[in-house]
Amino acid sequence: MARALRYLGQAAVYLLIAILLGIFSDSPAYLAFPRDQALIKLSLVHSAQRKVPCRKLSAEELAELAPNMRKPMSCSRERLPLWLEVRLDDRLLFSKSLPPAGLSKDGPARVYHRIPVAPGRHSLSLKMRDSARTEGYDYQLDMEVELEALQNLVVDFRPESGGFILR
Amino acid sequence: MTLGIKGGMRTGFLWIEDWLDRAFGPAWNPLYHLGALGFFYYWIVAASGIYVYILFDTGTTEAYDSIEYMTVEQWYLGGVMRSLHRYASDGMVLMMVVHMLREFALDRYRGNRWFTWFTGVPVFWLVIASGITGYWLVWDKLAQYLALATTEWFDWLPIFGQPIARNFLAPSLLDDRFFTLLTFMHIAVPLILLLVLWIHLQRVSRSRIHPARGLALGTFAMLLALSLFKPAVSQGPADLARIPAEVGLDWFYLAGYPLMDIWSKGALWAFTATLTLIVAVLPWLPPLRRVPAAVVDLKNCNGCTRCTEDCPFNAVSMQPRTDGLPFEWEAAVNASHCVACGICAGACPTSTPFRRASDLVPGIDLPDRSLRQLRDQLEQAAAALSGKARVVVFGCDHGVAPRDLALPGVAALSLPCIGALPPSFIDYVLSRDLADGVFITGCRKGECYQRFGQRWTEDRLARRRDPYLRARVPRERIGTFWAAPTNRRRLVQAVESFAAGLGAPPPAPGGPERPVGAPEASTEEAAAHG
Ligand code: HEM
Ligand code: SF4
Ligand code: SF4
């Protein structure tokens, strides 16, 4: 009798552990993103132009250099900041000057930014300056997008493909 | 404040353990074997993991499909293995967290015990990292959520050239090589975990890494039943073009993820780092525990190795003789490992109170709680006893406090651990007629603050382990009761009924006579020493 009771007690403890493991291994569910929103994700890595443009060295300047150092162009390492602006239906979603990476500011500027937006038809406008200009844009893309709820629209940038890419 | 919380946790643990003792008994009580259960879960995870790995394909679509295959088509084996793999991993976290809280509550992490605690901290993170990489491999919606949340969190650290989250921008950019890397990590991290667990146990001798068979069987049966009743499933294939809205989190591993949406990434890093740091330095936060380590007296050490055998913390080693005495070995204490439990002094054959006062210097002893002091206390306390049933209680600092045993006719003495009591002290009390009975108590059965105090004591009294309690000592004059501080009443009852039994008529004639006189004793002890 006492023995049976003991085994019953053990079974109760195992049941409790099993319930804990069974339940909390996948519930309660977590709402990681609002169901009625779409997401625009800016994710791009791009080097702006050099702060001081490269310059062709003159013959005299080249002659002054050690023979193994003679390169026809002299380039400073530092890059300009990258300026990026995103508008959705004339609403400004993002506008920032992104600094170059690295201690000597010679790396690419990068941005990774999530913007939840309402689904539906929108006009999306992307603008970028990667030069020293203060007016006009080096790259621009304006297009109509149809966003579904929970859609993940990625804004990427590949200069070799002509600029902004939507994925 | 912290003392209040800790005290409360301690009482809570002791109370639950008491109930579990009734159902499981000390040998199977899960709370006494959390570390061993942690290892048991680890092996189940490892074994089921090997099977799951055989059926697993790396690759962005192959991963999910291969896991669906084992879950649906091969549910009877692959599915069960997958479920065991998941639930045993969860069990490991559960055991680990309770183990950690318990070591904290029962104060087994300060002073020279810091090492085991401190190495437990990386163990914690390695376990969590193993689980996260595992969930990631499934490449379902949960994995997708984890991949992005984790990489976005890590990208906050200025260590990666390119944001690693960019690996998961779009299906076309997803790289099979990334899965290969993840698979490698999911195997490498648990192996590193095993290595760190080995380090974790370097300072606990004879660590219990295997649960008793009954406990292991029960645990495995529980996992198997759960796996059949609620098989582990995936949450739909990952689709990087769509955001997973609702994910079923495994809260054992992923409870921290929702914080990423509440706090900024930097704040979460600061929180995680600070919490880890606080936990890691807990052993050095006040009140500090600093007690002088055991000291060897070579003139009295014959190199018998008993102290090394009995030390619960790997603090005594035997080294070649350095003093020219004709023995092969001598004991050496590593003071930075020693927790001053005194168990070595209780094991040393030279720790006998029968020796003349000037001579009671054992081969190994605690400098601030020497056996000479214990004998003086004993003689003083015993001299104050009167009546027909005088009882000397030897207890320890971690069970019921001796002052709580203030009963008439009872003198209670406390040791750092009951294992620090040389059995010859019992002989001494009875043969010198210092009392009519000796009562031994210490931490609750199966659970000793200094790990082996009660186990070695029982073995010594039962003459299973050196140093034996001499055969001439009348066993009916010795009482034992193992009790946690919360069991004071039961202990008092046990002492009272023991004392009452001492007044009863002596055992039948022809039984062992109550020995008196010491000369015989000292020769036998001297022989033991030689
Ligand atoms: C899966 C993870 C873990 C496993 C398998 C494990 C295993 C063990 C084992 C087998 C013991 C020895 C028990 C004995 O024989 O007395 C032990 C002791 C201990 N563990 Fe762990 N452990 C784990 C995690 C942790 C963590 C996260 C911490 C704390 C941060 C921790 C702190 C301790 C402490 C303080 C001791 C006691 C040392 C002593 O008695 O002085 N452990 N562990
Ligand atoms: S007192 Fe003795 S038995 Fe205890 S830890 Fe130190 S050396 Fe080991
Ligand atoms: S138990 Fe005593 S005699 Fe034996 S090795 Fe240790 S210190 Fe020396």
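Every chain is numbered from 1 and lettered A, B, ... according to where its sequence line falls, protein lines coming before strand lines. What you see is a predicted model; the values in this text were computed from it and never measured.
Closest approach of A:A32 to B:V247, counting heavy atoms only: CB-CG2, 4.3 Å. Between A:N152 and B:L240, the shortest heavy-atom contact is ND2-O, 2.9 Å. Contact between A:R6 and B:R22 at its shortest, heavy atoms only, is CG-O, 3.4 Å. Shown here for A:Y14 and B:L215, the closest heavy-atom pair between the two residues is OH-O, 3.4 Å. The shortest heavy-atom contact between A:G22 and B:K230 is O-NZ, 2.7 Å. For the pair B:F252 and A:L20, the tightest heavy-atom approach, listed with the atom from each and the gap, is CZ-O, 3.6 Å.
If you measure heavy-atom distances from A:P28 to chain B, the contacts under 4.5 Å come from both the backbone and the side chain. Only the side chain of A:E148 comes within contact range of chain B, judged by heavy atoms closer than 4.5 Å. When heavy atoms are compared at a cutoff of 4.5 Å, A:V45 approaches chain B by way of both its backbone and its side chain. In this structure, the portion of A:A149 lying under 4.5 Å from any heavy atom of chain B is its backbone and not its side chain. Heavy-atom distances place the side chain of A:Y112, and not its backbone, under 4.5 Å from chain B.
The residue among A:S25, A:A11, A:S43, A:A29 with the most heavy atom pairs within less than 4.5 Å of chain B is A:S25.
Among residues 117-140 of chain A, no residue has any heavy atom closer than 4.5 Å to a heavy atom of chain B.
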Run the numbers on B:D155 and A:R110 for salt bridge (Lys or Arg N to Asp or Glu O under 4.0 Å), then give the verdict. CA-CA 11 Å; B:D155 281 335; A:R110 48 176 88 119; over 6 Å; no
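The CG atom of A:D26 lies 11.0 Å from the OG atom of B:S234; values are rounded to the nearest 0.5 Å.
Taking the six-membered ring for Trp and thresholds of 30 and 60 degrees, B:W28 and A:Y7 have ring planes inclined between 30 and 60 degrees apart.
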